[in-house]
Amino acid sequence: NAGVTQTPKFRVLKTGQSMTLLCAQDMNHEYMYWYRQDPGMGLRLIHYSVGEGTTAKGEVPDGYNVSRLKKQNFLLGLESAAPSQTSVYFCASSYRADSPLHFGNGTRLTVT
Amino acid sequence: DAKTTQPTSMDCAEGRAANLPCNHSTISGNEYVYWYRQIHSQGPQYIIHGLKNNETNEMASLIITEDRKSSTLILPHATLRDTAVYYCIDPSNYTGANSKLTFGKGITLSVRP
């Protein structure tokens, strides 16, 4: 039981490039979330999903897109990366809307 | 908006109990108190939550005051691995949906040898 797995762990992009971050969970959780964490800002919710085929905007959705084609996977896409998107990205999942969150160990993204 | 207040940092000696306080003075109704922690370079980790009664699990104990306006997370025998940022979740913003959960800045616990 791996829990929540994020790939890649590190990535460096040039401004304007695109990439997809993958989150996979093996706990059969309905709910999945993408957060970003910046120094002094705490964790901020980007997008989330309440089930396969659904997505919803969080606090800071601009510049990101997400997809939940399979229950176990939640993808975060950056279509045209900007330096302001340099951050550590965390994926999380939960069984219900108010169940404890299970987090992955993050993807450190640098946009130059 | 109501705010959760925690000290910025604290330390304790290895093997001793670590008592981490949190004020949530405007808590009301059926709002739970949740605690998470984040060890350096890792994702946050759920620790414990409670409503009214004190709670204990394999990681920690949670003591909630009778008026529910403050709580204390207790790590009974702190180890060096417990050095982390501990988040007391603002229950007034947490409407029972993780999508509304806010972590704040937390309290940095340093366990010294």
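Reckoned from all heavy atoms, side chains included, excluding hydrogens, waters and symmetry mates. Every chain is numbered from 1, with letters handed out A, B, ... down the list of sequences.
Looking at E59(A), neither its backbone nor its side chain comes within 4.5 Å of chain B, counting heavy atoms on both sides. Within the 4.5 angstrom heavy-atom criterion, no atom of Y31(A) approaches chain B. Residue R44(A): no heavy atom, backbone or side chain, is found under 4.5 Å from chain B.
Taken together through direct or relayed side-chain contacts under 4.5 Å among Ile, Leu, Val, Met, Phe, Trp and Tyr, V66(A) and F103(A) form parts of separate hydrophobic clusters. The hydrophobic clustering, which links ILVMFWY residues whose side-chain heavy atoms are closer than 4.5 Å, places F74(A) and M19(A) together. A continuous path of Ile, Leu, Val, Met, Phe, Trp and Tyr side chains, each step under 4.5 Å between heavy atoms, connects M59(B) with I64(B), placing both in one hydrophobic cluster.
Counting non-hydrogen atoms of other residues, nucleotides and ligands closer than 6.0 Å to CZ of R16(B) gives a total of 12 or fewer. Taking a 6.0 Å sphere around NZ of K69(B), one finds it holds more than 12 heavy atoms contributed by other residues, nucleotides or ligands. Within 6.0 Å of atom CD in E79(A), 12 or fewer heavy atoms from other residues, nucleotides or ligands are found, so the atom counts as exposed in its surroundings.
Side-chain contact check for F90(A) versus Q38(B): some heavy-atom pair is nearer than 4.5 Å.
Taking chain B as the reference chain and counting heavy-atom pairs below 4.5 Å, the highest number among N105(A), V50(A), L101(A) is found for L101(A).
Taking OH of Y36(B) as the start and CG of L43(A) as the end, the distance is 10.5 Å to the nearest 0.5 Å. The structure places OG of S94(A) at 12.5 Å from OH of Y46(B), a figure rounded to the nearest 0.5 Å. Atom CZ of residue F103(B) and atom CG of residue L45(A) lie 10.0 Å apart, to the nearest 0.5 angstrom.
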